[in-house]
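Here the structure is a predicted model, which means the values were calculated and not measured.
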Amino acid sequence: MSKSAYIKLVDGSKQKEITLEDIRKLLDYYQEMTALTGKQLGWDYQQAAFPYTVEEKEQNGIRYLLLKGKEPSQYYYLLLGVGQEKETGIHYIQLVLPDRATHGDCAKANEYSRFLAKQLQAELHMLNGRIMYFNPRK
């Protein structure tokens, strides 16, 4: 059964709404950061830190980002989408770990969800059910 992590844009977050384009920009920023780190270290760290290609897909009128592994034996794929809770109106990012996911996918899903939550100062509901708060709380 697939698992999902949710990054909720709650009070105190940097922004109240999120789009797929915003997520794509954050992932591009992540790749730039890791490329610069790799340059300092003298090896291609970006390839190890982001072993996916990003494609935008649509199914049943729902748009999402498909992070497809460059090396299928180690990384299969991840899905990223956006939504809004009906009861509270809170916008969120959903990161889906598919059934056939590898251990590498699980590790990268945790890493990317923490990165996105930290950048957006959001509340992260992790794959294992735990909650991490990156938003300033009073």
Side-chain angles (χ1 to χ4, degrees):
M1 180 158 56
S2 64
K3 297 180 186 177
S4 292
Y6 293 92
I7 302 156
K8 297 184 179 186
L9 302 176
V10 295
D11 290 335
S13 295
K14 284 188 176 178
Q15 55 195 69
K16 296 291 180 194
E17 297 181 3
I18 192 84
T19 64
L20 287 179
E21 188 58 38
D22 294 335
I23 297 171
R24 188 182 281 265
K25 286 178 186 176
L26 287 169
L27 291 175
D28 288 343
Y29 172 67
Y30 180 82
Q31 291 178 61
E32 290 171 21
M33 251 181 16
T34 55
L36 291 174
T37 302
K39 188 175 181 181
Q40 289 177 334
L41 296 174
W43 68 289
D44 193 12
Y45 178 61
Q46 181 192 8
Q47 246 349 74
F50 199 82
Y52 297 98
T53 59
V54 180
E55 302 172 16
E56 191 167 330
K57 299 279 187 176
E58 185 174 340
Q59 184 175 4
N60 299 331
I62 300 171
R63 292 177 45 230
Y64 60 92
L65 293 178
L66 172 68
L67 275 59
K68 191 173 180 183
K70 294 176 184 174
E71 185 63 44
S73 63
Q74 293 179 336
Y75 302 100
Y76 189 52
Y77 70 85
L78 300 172
L79 301 172
L80 284 163
V82 295
Q84 182 178 8
E85 292 180 352
K86 292 180 181 176
E87 312 86 44
T88 60
I90 292 176
H91 288 261
Y92 62 86
I93 301 169
Q94 181 179 4
L95 191 147
V96 179
L97 187 66
D99 293 335
R100 294 177 30 195
T102 64
H103 290 291
D105 289 324
C106 186
K108 291 299 178 184
N110 283 323
E111 183 180 337
Y112 300 153
S113 59
R114 280 195 309 271
F115 171 77
L116 292 170
K118 190 173 183 180
Q119 291 298 311
L120 296 168
Q121 293 183 346
E123 181 180 298
L124 171 60
H125 294 252
M126 298 179 73
L127 295 168
N128 62 8
R130 294 188 177 129
I131 301 173
M132 294 179 78
Y133 300 95
F134 293 97
N135 58 312
R137 299 185 309 161
K138 295 179 183 177

Give a yes or no on whether K57 atom NZ has more than 12 heavy-atom contacts from other residues, nucleotides or ligands under 6.0 Å away. no

Distance, nearest 0.5 Å, that separates CD of E111 from CG of L116: 10.5 Å

Between OH of Y77 and NZ of K68, what distance do you get to the nearest 0.5 Å? 10.5 Å

Walk me through it: do L66 and V54 pass the test side-chain contact (heavy atoms from CB on, under 4.5 Å)? CA-CA 6 Å; L66 172 68; V54 180; over 6 Å; no

Can a donor-acceptor pair be found, under 3.5 Å and without considering hydrogens, that links the side chain of K108 to the backbone of A49? yes

Residues in side chain to side chain donor-acceptor pair (under 3.5 Å) contact with E56, at least two apart in sequence or another chain: R63

Are M132 and L80 connected in the hydrophobic side-chain network, where two residues link if heavy atoms are under 4.5 Å apart? yes

Does N60 reach the main-chain N or O of I62 with its side chain, forming a donor-acceptor pair under 3.5 Å? no

Set of residues satisfying side-chain contact (heavy atoms from CB on, under 4.5 Å) with respect to M33, sequence neighbours excluded: Y29, Y30, F115

Rounded to the nearest 0.5 angstrom, the OH-CD1 distance for Y112 and I23 is 14.0 Å

Would you please test R24 and L65 for side-chain contact (heavy atoms from CB on, under 4.5 Å) and show each step? CA-CA 8 Å; R24 188 182 281 265; L65 293 178; 3.7 Å; yes

When you check the side-chain N and O atoms of D99 and Y76, is any donor under 3.5 Å from an acceptor? no

For the pair F134 and L124, evaluate side-chain contact (heavy atoms from CB on, under 4.5 Å) and give the outcome as yes or no after the intermediate values. CA-CA 8 Å; F134 293 97; L124 171 60; 4.2 Å; yes

Does K118 have any side chain to side chain donor-acceptor pair (under 3.5 Å) partners at least two apart in sequence or in another chain, and if so, which? none

All heavy atoms of P98 vs all of S2, minimum pair found to be CA-CB, 4.0 Å

R114 vs M126 side-chain heavy atoms within contact, under 4.5 Å: yes

How long is the span from the CD atom in Q121 to the CD1 atom in I7, to the nearest 0.5 Å? 14.0 Å

T102 side chain vs Q74 backbone, donor-acceptor pair below 3.5 Å: yes

Excluding sequence neighbours, so at least two apart, what forms side-chain contact (heavy atoms from CB on, under 4.5 Å) with L120? L9, Q15, I18, L26, I93, A122

Could you report the tightest heavy-atom contact between Y45 and G38, atom names first, then the distance? CB-CA, 3.5 Å

Interatomic spacing from NZ in K3 to CG in L95 - rounded to 0.5 Å: 12.5 Å

Hey, mind stepping through L67 and L27 against side-chain contact (heavy atoms from CB on, under 4.5 Å) and telling me if it holds? CA-CA 10 Å; L67 275 59; L27 291 175; 4.2 Å; yes

Applied to residues 78-95, the side chain to side chain donor-acceptor pair (under 3.5 Å) test, sequence neighbours excluded, yields S4-Q94, Y6-Q94, K8-E85, E85-T88

Out of curiosity, does Y64 fall in the hydrophobic cluster containing V82 (side-chain heavy atoms, cut-off under 4.5 Å, transitive links)? no

Those residues that, when tested against D11, pass side chain to side chain donor-acceptor pair (under 3.5 Å) (two or more places apart): K16

To check you understand the geometry: which heavy-atom pair defines the closest contact between D22 and E17, and what is its length? OD2-O, 4.3 Å

With side chains defined as the heavy atoms from C-beta onward, is the minimum distance between L97 and C106 less than 4.5 Å? yes

Interatomic spacing from CG in L78 to CG in D105 - rounded to 0.5 Å: 5.0 Å

